[in-house]
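Let me begin by presenting the structure, written as structure tokens, before commenting on it.
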Amino acid sequence: MASPGEADVNASHVEGKGKKKQPPARYWQELPDKEKGENKDEGQVEQQQEEKKKKEQQQTQKAKKRKRDERPRDGKRVISGKSDPFPGPVPVPQDRMQKFKRNDNIRKTHRKHYKLKEIITRSADASDMAQKQAARFDILLPEDAGFLEGDEDEDTCTISQEDIADAVDITSGAKYFNLKLCQFGPYRLDYSRTGRHLLLGGRRGHVACLDWQSKQLMCEINVMESVNDVKWLHTEHMYAVAQKKWLYIYDSNGIELHCIRKFNDVLRMQFLPYHFLLATASATGFLQYLDVSVGKEVAAICTKTGRLDVMCQNPHNAVVHLGHTNGTVTLWSPNQKDALVKMLCHQGGVRSVAVDKTGTYMITSGMDKKMKVFDVRAFKPLRSYFLPAGASCLSLSQRGLLSAATGDVVQVYRDVWSTPVTKPYMAHRVRGSVWGLHFCPFEDVLGVGHGEGFTSMLVPGAGEPNFDGLDANPYRSAKQRQEWEVKALLEKIQPELITLDPTELGQIDQTTFEQKHQVRVDALGFDPLAKEKFVPKFKKKGRSSAGGVERRKKQVAHEDQRDVIRKTVEDRRKMEEERKKMEEKKGALSSKKSALERFRK
Amino acid sequence: MKVKVLSRNPDDYVRETKYDIQRVPRNYDPSLHPFELSREYTRALNATKLERVFAKPFLSSLDGHRDGVNCLAKHTRSLSTLLSGSCDGVVKVWNLTKRECVRTLQAHEGFVRGMVVRYCGSSFFTIGDDKTIKQWNMEAPGYGEEEEPLNTILGKTVFTGLDHHQKKGVFATCGQQVDIWDEQRSTPIRSFSWGVDSFSSVRFNPVETELLGSCASDRSIVLYDMRESTPLKKVIMTMRTNTLCWNPMEAYFFTCANEDYNLYTYDMRYLEKPCKVHMDHVSAVLDVDYSPTGLEFVSASFDKTVRIFPKDAGHSREVYHTKRMQHVICIKWSADNKYILSGSDEMNIRLWKANAAEKLGVLAPREREAVNYSQKLKEKFQHYPQIKRIARHRHLPKNIYHQRNELRVMKEARRRKETNVRKHSKPGSVPVVSEKEKHVVSVVD
């Protein structure tokens with residue numbers, strides 16, 4: 001369709017021709033009608049037509065579309081007599097759409113097969129629709145995150161736990177409690193993935209697991225050995241305890257299931273829930289992986305960096321981060337015998353490491369009393385904070401709150417990576433120095449294990465408000481748990497798939513020319529592209545003198561060079577020709593108008 | 001101080017009574033679902049493995065014939081009815097749901113060469129080695145009545161193939177020539193011959209209903225228009241074609257089963273070379289039939305296997321064989337696109353699933369959803385080497401496996417020799433002939 005500018009020119013042209021017979025109006029000829037309409041508008045009372053005219057000016061060329069758009073706005077032609085004040089689908093806010101965006105932008109190439117093009121557009125449409133629907137569904141989520149706001153000139157960090165517990169409802173208030181266990185402390189702790197169950201391990205052998213919300217004790221044992229770390233496995237029915245010598249696995253009744261003698265002197269443990277791997281770091285400098293679904297050791301890596309007592313996992317890509325006494329943090333996967341990455345983070349030793357849920361930020365604290373924020377995707381430092389006492393334990397919550405233990409004070413920070421923080425969001429003093437810190441998933445609770453027992457703190461805004469029932473459901477029944485376990489085991493990810501970039505599996509593995517060539521050479525048994533080296537024939541009668549041989553060699557080399565040059569010139573000429581042809585074709589196409597052009601006057 | 005702490009009411013998250021279904025609140029936030037791709041890949045791998053585990057295509061064997069099954073015919077109106085004719089002249093009508101023979105009749109002396117059900121499904125035609133065409137009622141005769149054909153036409157020569165028009169009371173036979181018959185008359189209304197003395201098969205085009213194709217013993221495929229007095233076109237190939245089958249959805253395309261172990265799909269407008277060569281059989285291909293969707297076809301071969309080919313793939317997606325099945329003479333794809341029927345030399349008719357791992361019967365909605373999901377996953381990850389290897393693997397009988405390897409070696413040797421010849425002759429004197437062009441000798445208009 002022609003633009004309005006062209007229409008005027010055409011119209012004048014018709015009038016100029018004068019008495020020529022007008023062909024019958026065609027559907028593509030909207031222009032005369034439009035002109036008429038405009039003339040009429042001018043003729044009639046202008047005020048009434050003002051709005052319509054405006055609309056017409058705004059609208060683009062397509063007549064049919066315009067009509068369809070007008071209908072609901074006029075509000076006359078709807079059968080019920082009422083017009084829809086919000087026509088069309090509900091718009092989805094852009095930021096919410098962004099949340100569900102998968103970064104799988106399909107590369108746009110120029111030449112595509114028409115079938116492939118169709119497939120690509122269809123799949124892009126489908127993913128767009130999925131993204132939109134997920135974003136729409138987002139407003140139906142039942143819970144909102146917690147928060148804590150002080151009055152004017154009141155710091156939130158001065159609000160005590162007792163005040164918060166008094167202010168909130170009884171069930172939430174009951175989540176602030178202290179367990180006074182001064183006999184076997186200090187305590188390490190771990191929350192199960194659903195956040196319902198708590199596991200406590202005292203340094204002097206006391207291990208207890210409990211449903212901490214109902215305060216029901218599931219089991220309590222003393223292993224009569226020192227306990228270095230405790231960790232839940234995939235369900236709340238099994239947990240691993242790193243004891244003085246070996247690694248033990250107990251069930252929730254306190255019955256010893258396994259004693260794993262392959263894992264000795266374990267100091268820290270991490271459980272990778274989707275891979276069913278228990279990663280352990282030992283005093284002898286070994287990083288070992290245990291597949292808990294089949295009970296096999298997957299990998300044992302000698303890190304050669306001495307005692308490993310700082311460990312955390314990146315929940316985004318299942319890479320294990322280890323902190324060392326020389327101030328480096330190393331990243332490990334079970335597939336590689338040496339570190340994926342070594343980062344020098346601190347001047348003193350590293351005391352604690354934490355990685356956020358999206359795998360973007362790593363927070364480290366060191367003996368130099370600094371707490372640093374790194375971007376682990378780019379391995380760049382973002383921020384550095386100085387804590388006068390230095391942080392011994394770090395823990396990140398699901399919504400990005402950071403808790404740091406400085407001596408016997410637990411401080412909680414907010415937005416450590418986006419804005420420079422000057423003071424903590426919350427602070428709480430516990431009895432005895434802090435030994436373990438852990439945010440409870442899906443709850444606004446921070447568990448603190450210390451010398452005098454365990455403290456459960458209320459930290460509003462820490463937990464993810466809406467859980468996914470198929471992934472980690474705190475309210476699941478026994479049947480649901482069993483079903484989940486089967487499904488989770490079926491889709492256990494193989495340890496080979498642990499890489500720094502978890503989307504690497506979806507990228508095209510492009511074989512390089514060298515690889516292809518190597519395959520070809522292997523298949524053929526010789527290198528088809530290899531040039532035979534010219535060996536001058538031995539000639540008699542003194543014609544194979546050193547000078548003669550050299551001359552002949554030179555001649556051949558010269559001939560080869562000439563061939564190469566000839567070939568490149570030829571190629572260049574061909575390309576030039578092709579380019580010219582294409583240009584000509586393009587020119588011809590652009591000058592040619594559509595088939596219906598001949599009817600236009 | 002303003003404070004809000006997460007506090008969920010458990011009643012919102014657990015079911016009220018044990019008779020309710022469990023509540024599953026969802027949150028689709030991608031950050032709550034890490035390792036999306038790896039988990040999907042694992043699921044796809046599991047789905048592919050399960051598909052191979054559940055791939056049990058053989059459903060049942062219909063026995064009762066006293067001689068090799070020579071021809072099969074689908075009922076045009078009833079899904080559960082199948083007709084089969086054997087080498088001793090017996091025709092049997094089968095009920096496929098009960099998997100039993102419902103009627104047996106001695107139709108001919110000698111072979112039953114061809115059989116076809118009339119488009120209305122009320123009667124069927126048979127031809128035999130006794131030079132007769134017989135029309136039979138689909139209804140069995142009453143108690144005490146004789147099996148009598150409705151109509152018998154005595155021909156001059158032996159008939160070898162038979163097909164019926166889609167909409168009219170017209171049928172075609174072939175033997176020494178291709179004849180078009182009106183059901184009302186005892187002489188052919190039209191006869192076509194083109195310097196050939198023997199045809200093996202004739203088929204009507206199901207879309208362009210006036211067109212026919214036939215295979216002749218002089219290695220040619222001849223196309224006819226029923227409205228014209230002379231044949232349309234002929235393509236001569238290097239080896240004889242046994243049967244052909246038209247694509248029921250795309251009028252121009254037909255696939256023919258050749259003696260040289262291959263199947264060829266032709267576009268009837270461009271007979272110079274086939275659109276696709278389908279290779280995999282290790283012996284002559286005897287019969288071919290399209291699925292009603294026109295996307296796939298099934299072929300029966302002398303090598304005792306049945307193979308399913310996508311219409312535009314060079315190799316088969318599936319191979320069916322059993323220990324006892326001998327040379328497969330005739331094959332049919334059922335009209336509901338779910339089953340395949342094969343008739344073989346050792347007197348049995350076998351019923352196969354068209355999709356080997358498909359679950360038969362009604363699927364519950366959740367089951368269907370799961371099937372669709374795993375289907376999509378398999379499709380998404382089909383090119384991953386692990387998954388491709390598992391999805392492609394088929395067990396082959398030892399002799400077929402070895403023959404296949406032998407053929408591969410032979411082909412490679414031939415190719416190598418050709419390249420060597422080309423390398424050592426004048427450039428351009430030994431042109432590269434593609435696999436498609438290799439098998440066509442000439443096209444005659």
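So that the names make sense, note that chain A is the first sequence line, chain B the second, and so on, each numbered from 1. Atoms considered below: every heavy atom in the structure, side chains included; atoms not considered: hydrogens, waters and symmetry mates.
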Kindly give the heavy-atom pair with the smallest separation between [X] and [Y], and that separation in Å.
| X | Y | answer |
| --- | --- | --- |
| Asp444(A) | Leu6(B) | OD2-N, 2.9 Å |
| Leu470(A) | Arg26(B) | CD1-NH1, 3.3 Å |
| Ser7(B) | Ser172(A) | CB-OG, 3.2 Å |
| Tyr384(B) | Gly506(A) | OH-CA, 3.5 Å |
| Ser31(B) | Lys357(A) | OG-NZ, 3.3 Å |
| Tyr41(B) | Leu505(A) | CB-CD2, 3.5 Å |

Per-residue contact mode, [X] against chain A (heavy atom under 4.5 angstrom):
| X | value |
| --- | --- |
| Val5(B) | both |
| Arg15(B) | neither |
| Asn46(B) | side chain |
| Glu36(B) | side chain |
| Phe381(B) | neither |

Find the distance between [atom1] ([X]) and [atom2] ([Y]) and round it off to the nearest 0.5 Å.
| X | Y | atom1 | atom2 | result |
| --- | --- | --- | --- | --- |
| Leu497(A) | Leu37(B) | CG | CG | 9.0 Å |
| Asp29(B) | Glu464(A) | CG | CD | 6.0 Å |
| Asp12(B) | Glu143(A) | CG | CD | 7.0 Å |
| Arg43(B) | Lys487(A) | CZ | NZ | 9.5 Å |
| Glu496(A) | Gln386(B) | CD | CD | 9.5 Å |

With a 4.5 angstrom heavy-atom cut-off, could you sort out which part of [X] is near chain B: side chain, backbone, both or neither?
| X | result |
| --- | --- |
| Ala318(A) | both |
| Pro142(A) | side chain |
| Lys175(A) | side chain |

Okay, side chain of Asn466(A), backbone of Asn27(B): is any donor-acceptor separation there less than 3.5 Å?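 Not a single qualifying donor-acceptor pair exists.
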Under 3.5 Å, is there a donor-acceptor pair between the side chain of Arg8(B) and the main chain of Pro465(A)?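 Yes: the side chain of Arg8(B) pairs with the backbone of Pro465(A).
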Side chains of Ser477(A) and Gln22(B), donor plus acceptor under 3.5 Å: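 Note: Ser477(A) and Gln22(B) side chains meet the donor-acceptor criterion.
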Could you check which of Pro25(B), Ser38(B), Pro34(B) has the highest count of heavy-atom pairs closer than 4.5 Å to chain A?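 Result: the option with the highest number of such pairs is Pro25(B).
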So Phe100(A) and Tyr28(B), ring pair (Phe, Tyr, Trp, His ring centres under 6.0 Å) or not? Walk me through it. CA-CA 8 Å; Phe100(A) 294 97; Tyr28(B) 297 104; 7.7 Å; no
Would you mind checking if Arg39(B) and Asp471(A) are paired as a salt bridge, meaning a charged N to carboxylate O distance below 4.0 Å?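 So Asp471(A) pairs with Arg39(B) through a salt bridge.
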Around Phe147(A), counting heavy atoms of other residues, nucleotides and ligands shown, do more than 12 lie under 6.0 Å from its CZ?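 Yes, because the 6.0 Å sphere around CZ of Phe147(A) holds more than 12 heavy atoms from other groups.
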Heavy-atom neighbours of Arg392(B) CZ exceed 12 at 6.0 Å: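 No - once you tally the heavy atoms of other residues, nucleotides and ligands closer than 6.0 Å, there are 12 at most.
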Are Phe35(B) and His275(A) close enough that their ring centers fall under 6.0 Å?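 Ring centres of His275(A) and Phe35(B) closer than 6.0 Å.
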